[in-house]
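The analysis underlying the following values was restricted to heavy atoms, covering all of them including side chains, and did not include hydrogens, waters or symmetry mates.
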Amino acid sequence: MFITFISSILDTTVEIVTDDTDTLRAIYYQDNVMKQKYEAYPELLLADATYKLNNLRMPVFVQLVVDGNGESEIVSVFVIVSEDRDTLKCLLEMFKQNNPAWECTKTILTDKDMTERGVYKELMPGAALQLCLFHVLKSMKREIHCKKNGNHNGGK
């Protein structure tokens with residue numbers, strides 16, 4: 001009922017994803033402004049999850065585009081219980097269903113999460129996957145630091 005109210009008042013798409021036992025898996029959120037931004041600038045899609053933003057410790061997965069002024073604009077938000085393949089695939093399918101401009105996406109910028117990258121590769125096969133420079137440099141720094149300290153497993 002609350003979701004229906006929010007969707008009607010704010011002109012948003014809010015969808016709840018549950019498993020077979022009606023346990024929450026994820027929440028999909030996209031308002032009309034987000035849809036308009038994606039429609040206007042679909043060529044480059046940036047995706048990343050961030051952690052510890054809410055009391056439930058559920059990752060918040062954000063997709064962004066870059067507008068004509070070089071500013072990033074959020075085009076969808078997923079609050080997820082687990083970053084498993086099935087949940088990410090379900091959410092990305094919802095995103096595609098709500099955004100016909102997905103076919104115009106040429107490049108997707110992600111971190112090194114192989115599950116996430118695999119889902120994008122499968123569901124948006126016309127887009128090239130690129131690694132985010134920030135995440136590459138962070139990973140390299142961690143590897144170098146671990147090797148300097150004699151840990152050859154990369155901190156794992």
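- Within the 4.5 Å cutoff, side-chain heavy atoms of Glu15 are placed close to those of Asn98.
- In the model, Arg25 has no side-chain atom that pairs as donor or acceptor with a side-chain atom of Thr18 under 3.5 Å.
- In this structure, the side chains of Asn32 and Thr12 stay at 4.5 Å or more apart for every pair of heavy atoms.
- Ring geometry, Phe61 versus Phe78: the interplanar angle falls under 30°, so the pair is classed parallel (tilted spans 30 to 60°).
- Taking each heavy atom of Ala101 and Pro42 in turn, the nearest pair found is O-CB, 3.6 Å.
- Side-chain contact between Glu73 and Val33: absent, with no pair of heavy atoms (C-beta onward) separated by less than 4.5 Å.
- Counting all heavy atoms, side chain and backbone alike, Tyr38 lies closest to Val65 at CD1-CG1, 3.6 Å.
- Val17 and Tyr29 are not part of a single hydrophobic cluster, where members link through side-chain heavy atoms under 4.5 Å apart.
- The hydrophobic clustering, which links ILVMFWY residues whose side-chain heavy atoms are closer than 4.5 Å, places Val66 and Ile74 together.
- A 4.5 Å side-chain heavy-atom check between Met58 and Leu24 finds at least one atom pair inside the cut-off.
- A side chain to side chain contact (heavy atoms under 4.5 Å, CB included) with Tyr120 holds for exactly one of Thr115, Thr105, Leu92, Leu88; it is Leu92.
- Atoms CD1 and CD1, on Ile27 and Ile80 in that order, are 11.0 Å from each other to the nearest 0.5 Å.
- Listed for the Asp19 side chain is a donor-acceptor partner under 3.5 Å among the backbone atoms of Thr21.
- Of the possible polar contacts, none joining the Asn99 side chain to the Trp102 backbone as a donor-acceptor pair under 3.5 Å is found.
- Taking a 6.0 Å sphere around CD of Glu93, one finds it holds more than 12 heavy atoms contributed by other residues, nucleotides or ligands.
- In terms of heavy-atom proximity, Tyr41 sits nearest to Gly68 at CE2-N, 3.2 Å.
- If you run side chain to side chain contact (heavy atoms under 4.5 Å, CB included) between Leu109 and each of Asp48, Leu129, Leu46, Leu131, only Leu46 comes through.
- No path of Ile, Leu, Val, Met, Phe, Trp and Tyr side chains, each step under 4.5 Å between heavy atoms, connects Leu44 with Leu123, placing them in separate hydrophobic clusters.
- Of the listed residues (Arg117, Lys89, Lys96), just one forms a salt bridge (charged side-chain N to carboxylate O under 4.0 Å, His left out) with Glu122, and that residue is Lys89.
- A distance of 13.0 Å separates CG in Leu45 from CD in Gln130, rounded to the nearest 0.5 Å.
- The distance from the CD1 atom of Ile16 to the CG atom of Asp22 is 11.5 Å, given to the nearest 0.5 Å.
- The shortest non-hydrogen separation linking Ala26 to Thr87 is CB-CG2, 3.9 Å.
- Under the 4.5 Å side-chain heavy-atom criterion for Ile, Leu, Val, Met, Phe, Trp and Tyr, Val14 and Val77 are members of the same hydrophobic cluster.
- Under the 4.5 Å side-chain heavy-atom criterion for Ile, Leu, Val, Met, Phe, Trp and Tyr, Met94 and Met124 are members of the same hydrophobic cluster.
- With values rounded to the nearest 0.5 angstrom, Met34 atom CE is found 9.0 Å from Leu64 atom CG.
- Here the straight-line distance linking atom CD of Gln30 with atom OG1 of Thr13 works out to 6.0 Å at 0.5 Å rounding.
- The line from CD of Gln63 to OG1 of Thr110 is 11.0 Å long, rounded to the nearest 0.5 Å.
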